[in-house]
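Input: a single structure, listed below in structure tokens.
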Amino acid sequence: MSKENTLAQIHAAQDTIIDAMADPTLTPIQIKALQDASTKLRNMERSIVGLIGQNLINSLTTDSKALKNLAEKIDESAEQLSGVAAAVKNAATVVEDFIKIISTAGAAGLL
């Protein structure tokens, strides 16, 4: 099962809990159990999102380095391809900037 499917199931369970919490006949024990379940689901969701974010950062970092290496090879191979190399280097730089942004956001708990 993929992380995305797991997140969808967690969201569905959270929705079910929200619906159940609307029942005015719940006892305090039942309310507490639902609140605890909701908290645990939220913690699981955050963990999965963190893993997805870290995997994305790792993958983008690797791909960005490879892209810069290719750009250098293209640039060295022929002068007529220098424009292509510049465009590829620019794309790699944009990806690196994006990595910095999502890394900072992740470290701040925003992702």
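Using modelled atom types, no side-chain atom of Ser64 and backbone atom of Val95 make a donor-acceptor pair closer than 3.5 Å. Of the possible donor and acceptor atoms, one in the side chain of Thr62 sits under 3.5 Å from a partner among the backbone N and O of Asn58.
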Go through the steps for Ile31 and Thr27 under the test side chain to side chain contact (heavy atoms under 4.5 Å, CB included), then give the verdict.
CA-CA 6 Å; Ile31 292 170; Thr27 67; over 6 Å; no
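Residues satisfying the side chain to side chain contact (heavy atoms under 4.5 Å, CB included) test with Thr16, not counting sequence neighbours, are none. In this structure, the side chain to side chain contact (heavy atoms under 4.5 Å, CB included) partners of Ser59, at least two apart in sequence or on a different chain, are Asp63.
Applying the side chain to side chain contact (heavy atoms under 4.5 Å, CB included) test between Met21 and each of Ile17, Asp23, Ile18 identifies Ile17 as the sole match. With respect to Ile10, the side chain to side chain contact (heavy atoms under 4.5 Å, CB included) criterion is satisfied by exactly one of Asn5, Leu41, Asp15: Leu41.
Closest non-hydrogen pair, Gln14 versus Glu45, comes out as NE2-OE1, 3.8 Å.
Met44 and Val49 fall within the same hydrophobic cluster, where Ile, Leu, Val, Met, Phe, Trp and Tyr residues are linked whenever their side-chain heavy atoms come under 4.5 Å apart, directly or through other members. In the hydrophobic cluster analysis, where Ile, Leu, Val, Met, Phe, Trp and Tyr join through side-chain heavy atoms closer than 4.5 angstrom, Ile57 is grouped together with Phe98.
Salt bridge present: Asp36 and Lys32 bring a charged side-chain N and a carboxylate O closer than 4.0 Å. Lys65 has no carboxylate O lying under 4.0 Å from a charged side-chain N of Glu96, or vice versa, which leaves the two without a salt bridge.
Taking CD1 from Ile52 and OG from Ser47, the interatomic distance works out to 11.0 Å, rounded to the nearest 0.5 Å. Atom CD of residue Gln30 and atom CG of residue Leu34 lie 7.5 Å apart, to the nearest 0.5 angstrom.
Counting heavy atoms from C-beta on, the side chains of Leu56 and Ile99 never come closer than 4.5 Å.
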